[in-house]
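When a residue number appears, it is its place in the shown sequence, counting from 1.
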Amino acid sequence: FGARNTATNEIIYPGDPNGQDYGYGNCFVNLNPGTYEFFSFPSQGSVCGTGSLIVTLSIEMVNSNGIIPITLVTWCE
């Protein structure tokens with residue numbers, strides 16, 4: 001998965017940027033305020049995909065666990 005900041009075009013990957021898990025998992029750590037396009041990379045060896053979603057992060061989106069959940073649609077043929 002990735003998140004592209006629509007203002008800067010910077011791509012951020014899941015995990016802690018300062019940790020060994022950067023680029024793995026499904027949780028982004030401390031994204032700066034802004035608008036992001038959340039996406040996944042094409043699958044290899046199958047006919048599956050995931051849609052992307054553009055989201056402007058706001059404090060109102062934070063749930064009781066301190067997380068902003070983002071759901072992408074997945075499909076397979």
Closest non-hydrogen contact found for A3 with Y36 is CB-CD2, 4.1 Å
Cluster overlap L53 with V73, hydrophobic side-chain contacts below 4.5 Å: no
Considering all heavy atoms of both residues, which atom of S40 and which atom of L72 are nearest to each other, and what is their separation? N-CD1, 4.5 Å
To the nearest 0.5 angstrom, please state how far the CZ atom of F1 sits from the OH atom of Y13. 14.0 Å
Not counting sequence neighbours, which residues clear side chain to side chain donor-acceptor pair (under 3.5 Å) with T74? List them please. none
Separation between CD1 of I68 and CG of L57, rounded to the nearest 0.5 Å: 5.0 Å
Nearest heavy-atom contact between I54 and T35 is CG2-CG2, 3.5 Å
Side chain to side chain contact (heavy atoms under 4.5 Å, CB included) against N63, all qualifying residues, sequence neighbours excluded: N65, I67, P69
Below 6.0 angstrom between ring centroids: does that apply to F38 and F28? yes
Taking all non-hydrogen atoms of both residues, which atom of M61 and which atom of V55 are closest, and how far apart? CE-CG1, 3.4 Å
Tell me which one of N30, V29, L31 satisfies side-chain contact (heavy atoms from CB on, under 4.5 Å) with I12. L31
